[in-house]
Amino acid sequence: MQPSPPTSEHALLERACNLAGQTLGELAVQAGISVPMDLRRDKGWVGQLLEWHLGASAGSKPVPDFDNLGIELKTIPIGYNGKPLETTFVCVAPLIGLHGLSWEKSHIRHKLARVLWVPVEGERDIPLPDRHVGSPLLWSPSEEEEQQLRRDWEELMDMIVLGQVEQITARHGEVLQLRPKAANSRALTEAYGANGQPIKTLPRGFYLKTHFTAALLERYFIL
DNA sequence: TACTGATCATTT
DNA sequence: AAATGATCAGTA
């Protein structure tokens with residue numbers, strides 16, 4: 001009996017607020033699923049548990065979690081210091097077919113247009129069933145945040161177009177990183193080489209750096 | 001502790 | 001292979 005999809009932002013936020021303070025163990029019981037010992041082989045487990053409770057259109061379909069509302073769900077692991085423990089994966093970076101692509105049309109901008117952030121205790125010494133869910137935050141980028149994201153995106157995409165994808169490190173970009181996003185190091189995809197010729201390289205993804213998500217959460221709790 | 005490359009499961 | 005959901009774990 002999975003909850004039905006929320007029909008409004010308000011309904012979604014209210015539902016998320018009701019999860020705050022509960023543990024992953026409690027939520028797993030309600031969902032009728034078992035809790036893994038750790039996340040080593042179940043890295044997406046927390047996200048999928050929250051999807052179930054919030055009535056997200058689950059699965060790996062390339063649509064927003066709450067398609068009708070245009071909202072993306074992101075769980076974010078929080079440490080004892082109250083700050084994110086991990087970077088946040090946003091989406092895969094396009095490596096070819098980039099003609100005419102702009103920030104305004106980019107997949108990443110649409111993904112980040114409206115996000116429901118759900119903080120979850122993430123320290124590894126807290127047993128998974130005992131970790132608490134925090135207060136949700138329904139977020140859209142501020143003007144400054146959007147400009148930061150746009151600048152980083154344009155810098156990274158310029159390098160990709162110029163065939164320099166393999167020279168990109170996680171330090172190119174103030175708030176966005178480009179890093180491998182693959183099943184393993186053998187998974188390859190097509191990209192532009194330095195002379196415009198096609199090359200095979202690891203699929204890359206855009207990740208939000210922890211200082212960016214930390215600031216975004218902090219902005220909320222200060223306001 | 002941040003950065004980095006590598007990895008895990010599942011579905012389409 | 002690419003999309004969904006991310007964290008792991010070595011090292012500088």
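In what follows, every chain begins at residue 1, and chains take the letters A, B, ... in the order their sequences are listed.
Within the 4.0 angstrom heavy-atom criterion, no nucleotide atom of any strand lies near T88(A). As judged by a 4.0 angstrom heavy-atom cut-off over every strand, K111(A) is placed among residues touching the sugar-phosphate backbone only. Counting any heavy atom pair closer than 4.0 Å across all strands shown, E72(A) reaches sugar-phosphate atoms only and no base atom.
To the nearest angstrom, P of dA1(C) lies 7 Å from NZ of K200(A). Note: CG (L73(A)) to P (dT4(C)) measures 13 Å, nearest angstrom. Atom CZ of R171(A) and atom P of dG5(B) are 10 Å apart (whole Å). Protein atom CG of L202(A) is 11 Å distant from nucleotide atom P of dA1(C), rounded to whole Å. In this structure, K83(A) atom NZ and dA2(B) atom C1' are separated by 11 Å, rounded to whole Å. Residue E51(A) contributes atom CD, which lies 15 Å from atom P of dT10(B) at whole-angstrom precision. Regarding N184(A), its CG atom lies at a distance of 16 Å from the C1' atom of dA6(C), rounded to whole Å.
Taking for each of K181(A) and T87(A) the nucleotide of DNA chain B with the nearest heavy atom, the 5'-most of the two is the partner of T87(A). Comparing L188(A) and V90(A) along DNA chain C, the residue whose closest nucleotide (by nearest heavy atom) sits nearer the 5' end is L188(A). Nearest-nucleotide mapping onto DNA chain B: of G44(A) and H211(A), the residue sitting toward the 5' end is H211(A).
For F89(A), the side-chain atoms get nearest to dA6(C) when compared with the rest of dA6(B), dT7(B), dA6(C). Taking the side chain of R41(A) as heavy atoms from C-beta on, and the options dT7(C), dA6(C), dC8(B), the nearest nucleotide is dC8(B). Side-chain atoms of R124(A) lie closest to dA9(C) of the nucleotides dA9(C), dT7(C), dT4(B). For E86(A), taking side-chain heavy atoms from C-beta onward, the closest of the listed nucleotides dC8(C), dT4(B), dG5(C) is dC8(C). Taking only side-chain atoms of R40(A), from C-beta outward, the nucleotide of dA9(C), dC3(B), dT7(C) with the closest atom is dA9(C). Distances were taken from every side-chain heavy atom of S185(A) (C-beta onward) to each of dT7(B), dA3(C), dT4(B); the shortest belongs to dT7(B). Among the nucleotides dA9(C), dT7(B), dA6(B), the one closest to any side-chain atom of R186(A) is dT7(B). You'll find that the side chain of T75(A) is closest to dA6(C), out of dA9(C), dA6(C), dG5(C). Here the nucleotide nearest the side chain of K74(A), chosen from dA6(C), dT7(B), dC8(C), is dA6(C). The side chain of V92(A) has dA3(C) as its nearest neighbour among dA3(C), dC8(C), dA9(B).
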(request) Decide salt bridge (charged side-chain N to carboxylate O under 4.0 Å, His left out) for K83(A) and E218(A); before the verdict, give the C-alpha distance in whole Å, the side-chain angles of both, and the deciding distance to 0.1 Å. (result) CA-CA 9 Å; K83(A) 300 208 282 190; E218(A) 197 173 338; over 6 Å; no

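In this structure, a donor-acceptor pair under 3.5 Å is present between the side chains of E145(A) and W139(A).
Within the 3.5 Å criterion, the main-chain N or O of E104(A) finds a donor-acceptor partner in the side chain of R109(A). Counting only distance, with no hydrogens or angles, the side chain of D152(A) and the backbone of Q147(A) share no donor-acceptor pair below 3.5 Å.
For K43(A) against dT7(B), a side-chain-to-base donor-acceptor contact under 3.5 Å is present.
Using a 4.5 Å heavy-atom threshold, the side chains of R114(A) and E9(A) count as touching. L208(A) has its side chain within reach of L112(A): a pair of non-hydrogen atoms, C-beta onward, lies under 4.5 Å apart.
When the side-chain nitrogen and oxygen atoms of R179(A) are compared with OP1 and OP2 of dC3(B), none of them lie within a distance under 4.0 Å. For the pair T210(A) and dA2(B), the criterion of a side-chain N or O lying under 4.0 Å from OP1 or OP2 is not met.
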